[in-house]
Amino acid sequence: MKVRADVAELLHAGLPDRAIARQLHVDTKAVAAARSALNIPKARSGKRPAATPEDLFWERARPTDDGHMEWTGYHTKAGVPGLRHGGRFYTAYRLAFRMATGRDPEGYALPSCGRDRCVKQGHHMDRADREREQRVDALYAGIFGTPK
Ligand SMILES: [Zn+2]
């Protein structure tokens with residue numbers, strides 16, 4: 001059997017039959033026949049593992065020129081950036097916080113870098129962080145006095 005050069009090329013590149021059929025507008029059966037004619041083993045199943053919320057995060061976060069990150073995805077009515085995954089809503093702040101610290105935030109994770117709606121890792125504080133900062137402020141005030 002004669003195999004089209006473009007089909008053969010994608011088969012050798014390791015693409016699954018269905019992907020090749022879709023890309024070159026040919027029948028899946030024709031691709032499968034070409035595969036066996038060329039004696040190329042079947043590509044791994046086209047089924048990909050479910051993306052994680054973090055995977056989806058990276059598709060929607062875009063670095064800014066000034067060292068922060070902005071969200072190109074969905075915002076709630078209140079303007080909170082976030083995404084849906086597995087029937088759950090995750091705020092981008094929470095995901096960024098978890099990626100930066102390796103743990104879930106206590107209470108809300110909110111931007112602490114001064115840029116509205118920033119989603120860059122390490123630019124958020126949770127309740128525990130905010131309370132710690134207040135304690136430090138109080139401690140400094142106790143040592144140096146309250147700034148006038
Ligand atoms: Zn930031």
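Throughout, numbering of the chain's residues begins at 1 and tracks the sequence. Indexing begins at 1, ligand by ligand and atom by atom, following the structure's order.
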With the Zn ion (ligand 1) as the reference point, give the N/O/S atom of H123 that is nearest. ND1

Rounded to 10°, the SG/C118 to the Zn ion (ligand 1) to SG/C113 angle comes out at 110°

Of all the heavy-atom pairs spanning H85 and A51, show the shortest one and how long it is. NE2-O, 2.5 Å

Please name the atom of H68, limited to N, O or S, that comes nearest to the Zn ion (ligand 1). ND1

Test of ring centre spacing under 6.0 Å for Y93 and H124: yes

Return the CG to CZ distance between L56 and R84, rounded to the nearest 0.5 Å. 12.5 Å

Which pair of heavy atoms, one from R35 and one from K42, lies closest together, and at what distance? NH1-CA, 3.7 Å

